[in-house]
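Labels below follow one simple rule: chain letters A, B, ... track the order of the sequence lines, proteins then strands, and each chain is numbered from 1.
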Amino acid sequence: MKNNRHPARHGLLDESLLTQMPPFAMLRTDQIREILDLATSRRYEAGVAVFEEGFDAERFYVLLDGHIRVVRISEQGERIIALHIPSGQLFGIAAALGHTTYPATAIAAVESVALSWPMHLWPDFVARYDGFATQTYKTVGHRIEEMSSRMLELATQQVEQRIACAILRMINQSGRKVDNGIKIDFPITRQNLSEMTGATLHTVSRTLSAWERDGIIESQRKHITVCDPHKLVILSGTLAPT
DNA sequence: TCATTAAGTATGC
DNA sequence: GCATACTTAATGA
């Protein structure tokens, strides 16, 4: 026990919180304690921006609980959803890519809790903590892969296939098993899906209605459950055509 | 194959 | 009751 003035006051933050998180999984408890003592913990209401595109990248974050939507605005002023970030992952890590400003806006999709550290600690973290850098570059690699495959989809696939891909991606990353299938673990509207696929919300709505009639999905407002993932995979066009 | 327009129902503070 | 979420049909590129 050395310093009782850490910004993350309250006993909520114990070491076990971070041991689950990939970037910190390889660290000793005393190292995790050090990191926690430097962290600031904050809660974000659904819909609130954690940081915004173009602003100075002052801090980097790890999501403890909730879900983050990474959003950009196109030249025409349309919102594009670039990524969804599930809990346990780093975000706002512009420094890892050599940026000094955030390349996108991060919005809490549900009420969320995140830890953050000032960006000037980034080099220290990379240098001092084993596995932090490798895990980070792994996540960055995954996200770049995901975004580039989405660009390919946008260019080559039909709307129905793109919607299927978007839903499949979300149940892979944030699916929760329920009685009748796999449910996307955060609120998602037709509008949101249109922002991910570049279709209109009307087309998304019609497509989802058709899938619901066919028993492939079930949906309540803001929630989608996939009952027949296999059929969705076929619709996504990921498999070779007959 | 889709976007657009337009007009409707359902749901929740 | 008002905003938000969602549905549907018609029309036309």
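- One can place CG of Asn192(A) at 13 Å from C1' of dC6(C), the figure rounded to the nearest angstrom.
- Remark: P of dT7(C) and CZ of Arg213(A) are 10 Å apart, rounded to the nearest angstrom.
- The nearest whole Å value for the distance from the CG atom in Leu193(A) to the C1' atom in dT7(C) is 15 Å.
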Nucleotides 4-12 of chain B: which of its N/O atoms have a protein N/O under 3.5 Å away?
unit_1: dT4(B); atom_1: O4; unit_2: Arg206(A); atom_2: NH2; d: 3.4
unit_1: dA6(B); atom_1: N6; unit_2: His202(A); atom_2: ND1; d: 3.2

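- Between Phe60(A) and Phe91(A), the ring centre distance reaches or exceeds 6.0 Å.
- The distance between the ring centers of Phe24(A) and Tyr129(A) does not fall below 6.0 angstrom.
- Within 4.0 Å of Gln191(A), counting heavy atoms only, lies no atom of the nucleic acid at all.
- Comment: Arg69(A) does not engage Glu195(A) in a salt bridge, judged by the lack of any side-chain N to carboxylate O separation of less than 4.0 angstrom.
- Atom P of nucleotide dT7(C) and atom CD of Gln220(A) are separated by 11 Å, given to the nearest angstrom.
- Out of dC6(C), dT1(B), dT7(C), the shortest distance to the side chain of Lys222(A) is found at dC6(C).
- Leu201(A) has its CG atom 14 Å from the P atom of dT4(C), to the nearest Å.
- Ring centroids of Trp117(A) and Phe125(A) are separated by less than 6.0 Å, placing the two rings close together.
- Rounding to whole angstrom units, CD of residue Gln161(A) and P of dC2(B) are separated by 8 Å.
- Residue contacts shown for Thr189(A) are limited to sugar-phosphate atoms, with no base heavy atom under 4.0 Å away.
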Would you list the atom pairs, donor with acceptor, under 3.5 Å between side chains in residues 101-108 of chain A and any protein atom, with sequence neighbours excluded?
unit_1: Tyr102(A); atom_1: OH; unit_2: Glu58(A); atom_2: N; d: 3.4
unit_1: Tyr102(A); atom_1: OH; unit_2: Arg59(A); atom_2: N; d: 3.1
unit_1: Tyr102(A); atom_1: OH; unit_2: Arg59(A); atom_2: O; d: 2.5
unit_1: Thr105(A); atom_1: OG1; unit_2: Glu53(A); atom_2: N; d: 2.9

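- Rounded to whole Å, atom P of dC6(C) lies 10 Å from atom NE2 of His223(A).
- Taking 4.0 Å as the cut-off between side-chain N and carboxylate O, Glu34(A) and Arg128(A) count as a salt-bridged pair.
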